Amino acid sequence: MSERRVAVVTGAGRGLGRTIAERLAAGGRHVVIAELDAALGTEAAAAITAGGGFASFVHTDIADAASLAELAKHVTACGRIDALVNNAAIANSVGGKTYDAIPESEWERIFQVNVKGTWLACKQFGPMLVAAGGGAIVNLASDTALWGASLLLHYVATKGAVIAMTRTLASELGPQRVTVNAVAPGLIEVEATSGVPETRWNDYRTRRALKHDQTPADVAGAVAFLCSQDATYITGQTIVVDGGMVMP
C-alpha cells in the first residue's frame with residue numbers, strides 16, 4: 001500500500017469544504033472528497049488533480065454507516081490516513097423559523113446529518129487513525145453555537161453538539177495520539193449562505209473586529225494548521241475563526 005498521507009474531507013464538493021480540500025492537497029496530501037453530490041465531487045477532485053495535486057471522489061452519505069464503510073475501503077487503497085475533516089452539514093435553507101415553528105422532520109434531518117453523521121465518520125475513521133499511529137480530526141462547528149443566534153435553533157443545537165463531542169473525542173483518542181479539535185467559523189460567503197437575510201450579514205459586519213466579509217480561505221488555513229505537525233499538542237479546543245465577533 002502507498003504511504004502517501006491521506007486526508008478525508010466530507011462535503012468537499014463546493015464552498016468551504018472544497019477550499020479546505022484544495023488547501024490540504026496543496027500541502028501534499030491525497031485528499032479524498034466525500035460528497036453526496038456526485039457532479040460537484042467529481043468536478044472538485046478533477047480540479048485538484050488538474051492543478052497538480054492528488055485527489056479522488058467517493059459518493060458518500062455521511063449519515064449512512066454502510067456508505068462510510070465503502071469510503072474507508074477507498075481511503076485504505078489511497079494510502080495512510082492522517083486527517084479527517086468533518087465539514088459536511090445541512091446549513092442552507094434552515095433559518096428564519098422560531099423554535100416553535102421548526103417542523104419535527106426538519107429537526108430530525110439536520111441532527112441526522114450534522115450530529116449523527118459527524119459521529120459516524122469519527123467512528124469509522126478514528127480507529128484507522130489510531131492504527132496509523134495517530135493523526136488529526138477537525139470538526140466544523142459554528143460561532144452561532146457560542147453566541148446563540150436566533151431563528152436557527154436546530155442548526156445551532158447541532159453545532160453545539162459538535163463542540164461537545166469534540167471535547168469527549170479528544171479525551172478518548174488522546175492516548176492514541178489522535179487530536180480532535182473544532183473550528184467555529186462565522187458567516188462565510190459561500191453557496192450555502194446565499195439565502196441569509198441582509199440583516200444577518202449586516203449584524204456580522206457591525207459586530208466583527210475585522211470588518212471585511214469572511215471567505216472560505218479565511219477558515220481553511222486554521223483547519224490545515226490543526227491537521228499539521230505544528231498542532232500535534234493541541235486537542236479538545238474550539239478555534240473561533242469569525243473575525244473577532246465572538247471572543248471567548
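Computed from a predicted model, the values in this text were never measured in an experiment.
Put simply, Leu210 and Trp147 are part of two different groups of oily side chains (I, L, V, M, F, W, Y) that touch within less than 4.5 Å, one to the next. Hydrophobic clustering, with ILVMFWY side chains joined whenever heavy atoms are under 4.5 angstrom apart, keeps Leu16 apart from Leu40. Both Trp201 and Val246 are members of a single hydrophobic cluster when ILVMFWY side chains are connected at heavy-atom separations under 4.5 Å. In terms of hydrophobic clustering, with Ile, Leu, Val, Met, Phe, Trp and Tyr side chains grouped at heavy-atom distances under 4.5 Å, Tyr155 and Leu151 are assigned to different clusters. Residues Phe54 and Val75 do not share a hydrophobic cluster, clusters being chains of Ile/Leu/Val/Met/Phe/Trp/Tyr side chains in contact below 4.5 Å.
Counting heavy atoms from C-beta on, the side chains of Val138 and Asn86 never come closer than 4.5 Å. The closest side-chain heavy-atom distance from Gln214 to Tyr204 is not below 4.5 Å. Put simply, the side chain of Met245 does not reach to within 4.5 Å of the side chain of Leu187, judged on heavy atoms. Residues Leu140 and Val162 have side chains not in contact (no heavy-atom distance under 4.5 Å, counting atoms from C-beta outward). Within the 4.5 Å cutoff, the side chain of Val8 has no heavy atoms near those of the Val85 side chain. The shortest side-chain heavy-atom distance between Arg205 and Asp213 falls under the 4.5 Å cut-off. You'll find the side chain of Val32 reaches within 4.5 Å of the side chain of Leu71, heavy atoms only.
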Name every donor-acceptor pair, under 3.5 Å, that has one atom in a side chain of residues 127-137 and the other anywhere in the protein, sequence neighbours excluded.
none

Donor-acceptor pairs under 3.5 Å, side chain of residues 118-126 to any protein atom, not counting sequence neighbours: which ones?
{"from": "Thr118", "atom 1": "OG1", "to": "Asn114", "atom 2": "O", "distance (Å)": "2.8"}

What pairs of donor and acceptor atoms, side-chain ones from residues 169-176 against any protein atom, are under 3.5 angstrom apart with sequence neighbours left out?
{"from": "Ser171", "atom 1": "OG", "to": "Arg167", "atom 2": "O", "distance (Å)": "3.3"}

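Nearest approach of Ala149 to Arg200, heavy atoms of both residues: CB-NH1, 3.9 Å.
For Phe111, the ring-ring contact (aromatic ring centres under 6.0 Å, His included) partners two or more places apart in sequence, or in a different chain, are Trp107. Qualifying side-chain hydrogen bond (donor to acceptor under 3.5 Å, both in side chains) partners for Ser142, counting only residues two or more places apart in sequence or in other chains: Thr144. Every residue two or more places apart in sequence or in another chain that forms a side-chain hydrogen bond (donor to acceptor under 3.5 Å, both in side chains) with Gln112 is listed here: Arg109. Glu70 is linked by a salt bridge (charged side-chain N to carboxylate O under 4.0 Å, His left out) to Lys73, counting only residues two or more places apart in sequence or in another chain. The side-chain hydrogen bond (donor to acceptor under 3.5 Å, both in side chains) check on Thr179 picks up nothing, with sequence neighbours excluded. With sequence neighbours excluded, no residue forms a side-chain hydrogen bond (donor to acceptor under 3.5 Å, both in side chains) with Thr60.
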Residue pair Ser67, Ile62: steps toward the side-chain contact (heavy atoms from CB on, under 4.5 Å) verdict: CA-CA 7 Å; Ser67 182; Ile62 64 164; over 6 Å; no

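Among residues at least two apart or in separate chains, side chain to side chain donor-acceptor pair (under 3.5 Å) pairs with a member in residues 217-232 are Thr215-Asp218. Residue pairs meeting the side chain to side chain donor-acceptor pair (under 3.5 Å) criterion with at least one member in residues 29-43, sequence neighbours excluded, are Arg18-Glu43, Arg29-Asp82, His30-Ser56. Each ring pair (Phe, Tyr, Trp, His ring centres under 6.0 Å) pair with one or both residues in residues 211-243, not counting sequence neighbours, would appear here, but there are none.
A salt bridge is absent between Asp242 and Arg208; no separation between the charged side-chain nitrogens and carboxylate oxygens falls under 4.0 Å.
Within a 6.0 Å radius of CD in Glu198, more than 12 heavy atoms belonging to other residues, nucleotides or ligands are found. Taking a 6.0 Å sphere around CZ of Arg177, one finds it holds 12 or fewer heavy atoms contributed by other residues, nucleotides or ligands.
Between the side chains of Asn139 and Thr166, at least one donor N or O lies within less than 3.5 Å of an accepting N or O.
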